[in-house]
Every structure is written in C-alpha cells, then in structure tokens.
Amino acid sequence: MKNLRGAVAVVTGAGSGIGRALALELAGHGTQLALADVNSAGLEETSRLAGAAHSGTSVKNYPLDVGDAGAVEKFAGQVANDFGRASLLINNAGVALHGRFSEVSLADMEWLIRINFWGVIYGCRFFMPLLEREPEAHIVNISSVFGLIAPAGQTAYGSSKFAVRGFSQSLRLELKQAGSKVEVTCVHPGGIRTNVANSARAGVGTDESTNNAAKALFNQVALTSPEQAARVILNGVLANRARVLIGRDAYQIDRTQRLFPVKCGDMLEKFLEKRAARAGIDLRRR
C-alpha cells in the first residue's frame with residue numbers, strides 16, 4: 001500500500017499493547033478503524049484515545065474472540081456493512097503460555113493455537129473477499145522472534161508463531177502467483193513492553209515460581225515500546241516488505257539463527273541464563 005490515508009484498517013487485539021499503538025498510529029495517518037478485542041474495556045479505551053487524538057477518525061469497536069471461526073466470519077460481515085470495504089488487515093491478537101511440553105495440557109495448547117494461529121487463518125479467510133475488491137490491500141500477520149527460534153518452555157507459543165511464519169510466506173507467494181493485489185507481511189517482534197508475557201498462562205504442571213521468574217526475565221530483556229513497534233510495522237506495510245523484524249534483539253536473534261542454525265537454541269538459552277543471573281532471577285525449576 002502506498003498510502004494509508006482513507007484506508008479501512010481492521011486490527012485485532014486492539015485493546016492494548018501493539019494493537020492499541022497501531023490503532024493510534026493509523027488514526028494519525030487518516031485511516032478508518034475497525035478495532036476488535038476480546039477485552040471490551042480495553043477496546044473502548046483504545047477507541048477513546050484514537051478519537052481524542054484524531055477527531056476526524058472513524059472508529060468502530062467489535063468485541064471478538066479471534067479463535068471462534070463463526071465470530072470472525074460475523075465480524076467480517078459487520079465491517080462490510082459498517083464501512084463497505086477493508087483494505088488493511090492486521091492479525092495482531094495473541095496470547096502466551098509458559099511451560100515445557102511435559103507441563104502443559106492438551107487443552108492449554110489447543111487454547112493458545114486456536115487464538116495465535118487459527119485466529120490468523122480465520123482473519124485471512126473471512127476478510128479476503130473484501131481485500132480482493134480493493135485496488136491495493138495488505139495483510140499483516142504478527143509472528144514473533146520465537147517464530148525464528150524457539151527456546152525451552154515455549155513449545156506451544158513457538159509452534160504457533162512458526163506456523164504463522166510459514167502460513168504467511170506461502171500465502172504471499174500464492175497471492176502473487178494468482179496476480180492478486182493483496183500483499184502479505186509477516187512481523188517478528190523481539191521483546192516488546194506489552195502485557196502479553198505478564199498475563200501469560202502457566203501450564204497446568206508448571207510451578208508458579210518458575211512462571212513468575214520467566215515473566216521477570218522478559219521484563220529485563222524487553223527493549224522496544226509498542227509505539228516504536230507500530231511505526232516499524234506500518235513502515236513495513238508502506239514498503240511492502242515480506243518480513244519485518246522489530247528491535248535490536250530481533251535482528252541479533254535472526255543473525256544468530258542464520259549463522260548457527262543448529263546451535264542457536266543453546267546459544268539463546270545461555271544468553272537468557274546470563275541475563276537472569278545478572279538480574280538475580282532464579283530460573284531453576286522446582
């Protein structure tokens with residue numbers, strides 16, 4: 001997309017964090033906003049902030065569980081009725097789950113993958129007809145640095161984010177081969193100072209102290225604000241980049257994965273252990 005002014009942007013997970021920052025940044029570009037989140041209170045606050053900062057912005061809120069296929073299909077229909085079109089889809093909604101594979105239940109994993117991966121698929125499936133009608137349109141799918149490299153304790157989250165990465169890459173190629181004007185960008189944020197990690201569920205077999213230590217470590221290594229992330233993402237859309245990395249840590253992880261594709265996991269673990277020790281965080285499992 002060459003210009004965001006006048007576009008209709010659909011943003012999921014807009015109630016906080018990167019989603020809220022994207023909504024405010026888009027409002028500044030003169031973009032109309034269809035905002036969705038499962039957290040109605042957070043969604044209302046984002047809408048209020050966007051309207052207060054940019055009085056000419058048209059904003060509508062939609063309470064939504066992106067892991068519910070029927071709800072996402074209905075959401076797409078509501079956006080079509082309310083705006084008549086959609087030109088930018090940002091599949092941002094996501095959740096986190098801490099615990100090793102032996103510590104998380106199947107229900108835990110199904111809950112996370114339903115939101116993080118199927119939510120992306122549902123968004124793309126049900127909004128594609130609207131996007132295809134536009135002279136130019138764009139899909140943004142939010143993966144993670146854990147879609148490039150997966151550390152211990154993140155079997156569920158890493159699986160979902162690797163899946164988003166693979167889906168996005170294939171979808172971009174398919175649309176290009178079909179001559180579609182819909183482009184796709186996959187985003188890999190590093191540590192972003194949002195509440196996703198701090199509100200992460202612990203697997204049913206994960207000790208709470210271990211979960212708290214993981215959250216404390218994340219807060220030590222999160223380098224980037226949601227506002228910085230939003231600007232980088234939208235610059236990536238305007239430049240039609242297939243992949244966007246956010247944060248110095250994301251570039252370091254990407255470089256490590258490229259140079260040491262087999263050893264990169266062990267290298268990341270050692271780095272995290274050193275950072276935890278320096279901050280006085282005990283990562284030992286009880």
Using the rule given for side chain to side chain contact (heavy atoms under 4.5 Å, CB included), can you reason through M128 versus R125, listing the C-alpha separation, both sets of side-chain angles and the distance that settles it, and then say yes or no?
CA-CA 6 Å; M128 192 65 75; R125 172 67 73 186; over 6 Å; no

Between F83 and V10, is a side chain to side chain contact (heavy atoms under 4.5 Å, CB included) present by the stated rule, with each step listed?
CA-CA 11 Å; F83 290 92; V10 177; over 6 Å; no

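- Side-chain heavy atoms closer than 4.5 Å link hydrophobic residues (I, L, V, M, F, W, Y) into clusters, and following such links, even through other members, never connects M267 to F146.
- With respect to D65 and R114, a salt bridge is recorded, a charged nitrogen being found less than 4.0 Å from a carboxylate O.
- With E136 as the fixed residue, the salt bridge (charged side-chain N to carboxylate O under 4.0 Å, His left out) test singles out one of K181, K2, R85: K2.
- By the 6.0 Å contact criterion, CD on Q169 is open, its count of non-hydrogen atoms from other residues, nucleotides or ligands being 12 or less.
- Using modelled atom types and a 3.5 Å distance limit, the side chains of T46 and R20 yield a donor-acceptor pair.
- Here the shortest heavy-atom pairing between I142 and V164 reads O-CG1, 3.9 Å.
- Cluster annotation: I90 is connected to V59 through the hydrophobic network of ILVMFWY side chains, with a link wherever side-chain heavy atoms come within less than 4.5 Å.
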If you apply the rule side chain to side chain contact (heavy atoms under 4.5 Å, CB included), what do you find for R241 with V187, and how did you get there?
CA-CA 10 Å; R241 296 194 182 101; V187 180; over 6 Å; no

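- To the nearest 0.5 Å, atom CG of residue N116 and atom CG of residue N141 are 12.0 Å apart.
- Across all non-hydrogen atoms, the minimal contact from L131 to A137 is O-CB, 3.5 Å.
- Using a 4.0 Å cut-off between charged nitrogen and carboxylate oxygen, K270 and D266 do not count as a salt-bridge pair.
- For L106, the CG atom is loosely surrounded, since the number of other residues' heavy atoms within 6.0 Å does not exceed 12.
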